[in-house]
Amino acid sequence: MTTNAVRVTRAEYCVIACAEAWRDNGEVLASPMGTIPSIGARLARRTFAPDLLLTDGEAMLVGLDGEPEGWLPYRRHLTMVTGGRRHVMMGASQIDRFGNQNISCIGDWSRPARQLLGVRGAPVNTLNNPVSYWVPKHSTRVFVPKVDMICGVGYDSAAAAGPSATRFHRIPRVVSDLGVFDFATPDHTMRLVSLHPGVAVEEVREATAFELSGLDGPASTREPTTAELRLIREVIDPDGLRDREVGP
C-alpha cells in the first residue's frame with residue numbers, strides 16, 4: 001500500500017488502473033467520463049502515452065496545461081469515432097458478464113422503476129471505437145446478470161449483430177473501486193485481472209451478481225511510481241477531487 005513509504009489511497013490506485021487503459025493506444029482521442037478517468041487520461045498523457053490526444057469536451061484539442069493546441073471540428077471528431085481512433089471510458093449504471101452496459105433505465109423499458117441518463121452515445125461508441133468502463137462503487141446493483149436495457153453493446157450482442165458490429169468493437173477493461181476486469185476469455189465473459197491492494201477476492205465475489213473468471217490468484221493493481229504520485233497530487237489533482245469519487 002506504499003510507494004517509498006508514502007501511503008497510496010484507493011482512489012490513486014483507481015487513477016493508475018484507469019490510466020493503464022490508454023497504454024500503447026498511440027495517437028487516439030481519449031474521452032474519459034468521470035473525475036478519476038479524467039485524471040487517469042491526463043496522467044497517461046504526461047507519462048507513458050505522450051501521443052494521446054486530449055479534448056476540452058467541446059471543440060478543442062488541449063495540451064497538458066489545458067491550453068488549446070488544435071481545433072477539433074465535429075466532422076473530424078466523427079471521422080475519428082467511426083474509424084476506431086478514439087478510446088472512451090464511460091460510466092455504467094449496470095453492466096453484465098458480456099460487457100453490455102445500461103445508463104438508460106432500471107426496470108422494464110415500457111414502465112421503468114427509474115429513469116436515468118438515456119441511451120445517449122453509448123451504442124455508437126461501442127460499435128465504432130474501444131470503450132472501457134469506470135464504476136466508482138462496485139455492487140450487485142451495477143454488476144448484474146443481465147442489464148435491463150442495452151445501451152453500450154457487449155460482446156454477445158455485437159457477435160449476434162454480425163461483422164458490421166464487431167469491426168471496431170472492443171472493451172479493453174472495466175475499472176471499479178475494487179479492481180480491474182477484462183473480457184480476455186474464450187467466450188468473452190468478464191474476468192478479474194487485478195485487485196486493488198486491501199481488497200479480498202471474496203469482496204469482489206459478493207459484490208458481483210454473476211460468476212467471474214480469474215478469481216484464483218489475481219494480480220494486484222500496480223502501484224504508482226513516485227513521479228506518478230507527485231503528478232497526481234501536486235499537478236493534476238491538487239484539490240483531491242479523486243477522493244470525492246472514491247473515499248479512503
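Residue numbers start at 1 and run along the sequence shown.
- Contact detail for S157 and I150: the closest heavy-atom pair is OG-CD1, 3.4 Å.
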Steps toward side-chain contact (heavy atoms from CB on, under 4.5 Å) verdict (V144, V147)
CA-CA 6 Å; V144 297; V147 297; 4.2 Å; yes

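- Here the side chains of F143 and D96 are not in contact, with every heavy-atom distance at 4.5 Å or above.
- Across every non-hydrogen atom of N100 and G154, the tightest pair is OD1-N, 2.7 Å.
- Across all non-hydrogen atoms, the minimal contact from F183 to R97 is CE2-O, 3.4 Å.
- Within 6.0 Å of CZ in R141 there are 12 or fewer heavy atoms belonging to other residues, nucleotides or ligands.
- Both W134 and I16 belong to a single network of hydrophobic side chains, linked directly or stepwise wherever heavy atoms of I, L, V, M, F, W or Y lie under 4.5 Å apart.
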Assess the residue pair H138 and T208 against the criterion (side chain to side chain donor-acceptor pair (under 3.5 Å)); give the C-alpha distance rounded to whole Å, side-chain angles, the decisive distance to 0.1 Å, and a yes or no.
CA-CA 8 Å; H138 192 129; T208 307; 2.8 Å; yes

Test V88 against M33 for side-chain contact (heavy atoms from CB on, under 4.5 Å), laying out the working first.
CA-CA 8 Å; V88 182; M33 301 177 189; 3.6 Å; yes

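- In this structure, the side chains of Y133 and I171 come closer than 4.5 Å at one or more pairs of heavy atoms.
- Sorted by first then second residue, the ring pair (Phe, Tyr, Trp, His ring centres under 6.0 Å) pairs that include residues 224-248, not counting sequence neighbours, number zero.
- Cluster annotation: V199 and V174 are assigned to the same hydrophobic cluster (Ile/Leu/Val/Met/Phe/Trp/Tyr, side-chain heavy-atom contacts under 4.5 Å, transitive).
- One finds no salt bridge joining R173 and D182 here, because no Lys/Arg side-chain nitrogen approaches an Asp/Glu carboxylate oxygen to under 4.0 Å.
- Judged purely by atom type and a 3.5 angstrom limit, E203 uses its side chain to pair as donor or acceptor with the backbone of A200.
- L229 and Y13 fall within a single hydrophobic cluster, where Ile, Leu, Val, Met, Phe, Trp and Tyr are joined by side-chain heavy atoms under 4.5 Å apart, directly or via other members.
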Derivation of the side chain to side chain donor-acceptor pair (under 3.5 Å) call for N128 and R167:
CA-CA 8 Å; N128 286 292; R167 182 183 179 190; over 6 Å; no

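- A salt bridge links R222 with E228: the distance from a Lys NZ or Arg NE/NH1/NH2 to an Asp or Glu carboxylate oxygen falls below 4.0 Å.
- P136 and V246 get closest at one heavy-atom pair: O-CG2, 4.1 Å.
- A distance-only check finds a donor-acceptor pair linking the side chain of T126 to the backbone of V153 [under 3.5 Å].
- The ring pair (Phe, Tyr, Trp, His ring centres under 6.0 Å) pairs that include a residue from residues 224-248 number zero, where partners must be two or more places apart or lie in different chains.
- When each of L215, T221, V204 is checked for a side chain to side chain contact (heavy atoms under 4.5 Å, CB included) with L195, only V204 meets the rule.
- Each ring pair (Phe, Tyr, Trp, His ring centres under 6.0 Å) pair with one or both residues in residues 204-248, not counting sequence neighbours, would appear here, but there are none.
- With sequence neighbours left out, H188 forms a ring-ring contact (aromatic ring centres under 6.0 Å, His included) with Y155.
- Within the 4.5 Å cutoff, side-chain heavy atoms of Q101 are placed close to those of I103.
- Between the CD1 atom of I39 and the CZ atom of R42 there is a distance of 7.5 Å, given to the nearest 0.5 Å.
- Contacts classified as ring pair (Phe, Tyr, Trp, His ring centres under 6.0 Å) and involving residues 16-54 (residues at least two apart or in different chains) are given here: W22-H87.
- For the pair K137 and V142, the minimum side-chain heavy-atom distance is 4.5 Å or more.
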Go through V131 and M90 one step at a time and tell me if the side-chain contact (heavy atoms from CB on, under 4.5 Å) criterion holds.
CA-CA 7 Å; V131 174; M90 298 179 65; 4.1 Å; yes

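- Rounding to the nearest 0.5 angstrom, the gap separating the CZ atom in R233 from the OG1 atom in T9 is 6.5 Å.
- Residues I106 and Q94 are in side-chain contact: their nearest non-hydrogen atoms beyond the backbone lie under 4.5 Å apart.
- Judged as a side-chain contact (heavy atoms from CB on, under 4.5 Å), and not counting sequence neighbours, S220 has no contacts.
- Heavy atoms of other residues, nucleotides or ligands lying less than 6.0 angstrom from CG of D51 number more than 12.
- Side-chain contact between R205 and V201 is present, with heavy atoms from C-beta onward closer than 4.5 Å.
- V135 and F98 fall into different hydrophobic clusters, where Ile, Leu, Val, Met, Phe, Trp and Tyr residues are linked whenever their side-chain heavy atoms come under 4.5 Å apart, directly or through other members.
- Taking CG of L178 as the reference point, atom CZ of R10 lies at 6.5 Å (rounded to 0.5 Å).
- Following chains of ILVMFWY side-chain contacts shorter than 4.5 Å, one can reach I95 starting from F181, so the two form part of one hydrophobic cluster.
- Taking 4.5 Å as the limit, some side-chain heavy atom of L43 sits within range of a side-chain heavy atom of T47.
- Between L116 and S104 the shortest side-chain heavy-atom distance does not fall below 4.5 Å.
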Kindly indicate, with the supporting measurements, whether the criterion side-chain contact (heavy atoms from CB on, under 4.5 Å) is fulfilled by M89 and C18.
CA-CA 8 Å; M89 182 169 281; C18 288; 3.6 Å; yes

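- Shortest non-hydrogen contact noted between L52 and A41 is CD2-O, 3.8 Å.
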List the steps, then state whether side chain to side chain donor-acceptor pair (under 3.5 Å) holds for N102 with S93.
CA-CA 6 Å; N102 175 25; S93 300; over 6 Å; no

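- Note: I36 CD1 to S38 OG = 10.0 Å, rounded to the nearest 0.5 Å.
- Residue G107 comes nearest to D148 through the heavy atom pair N-OD2, 2.8 Å, listed as atom of the first residue, atom of the second, then distance.
- Sparse packing is recorded around CD of E211, with 12 or fewer heavy atoms of other residues, nucleotides or ligands lying under 6.0 Å away.
- With rounding to the nearest 0.5 Å, the separation of CG in L54 from CZ in R46 is 9.5 Å.
- Formation of a donor-acceptor pair under 3.5 Å by the H196 side chain with backbone atoms of S176 is found in this model.
- Distance check, rounded to the nearest 0.5 Å: CG of L117 to SG of C105 gives 11.5 Å.
- Taking 4.0 Å as the cut-off between side-chain N and carboxylate O, D237 and R242 count as a salt-bridged pair.
- Counting non-hydrogen atoms of other residues, nucleotides and ligands closer than 6.0 Å to CZ of R23 gives a total above 12.
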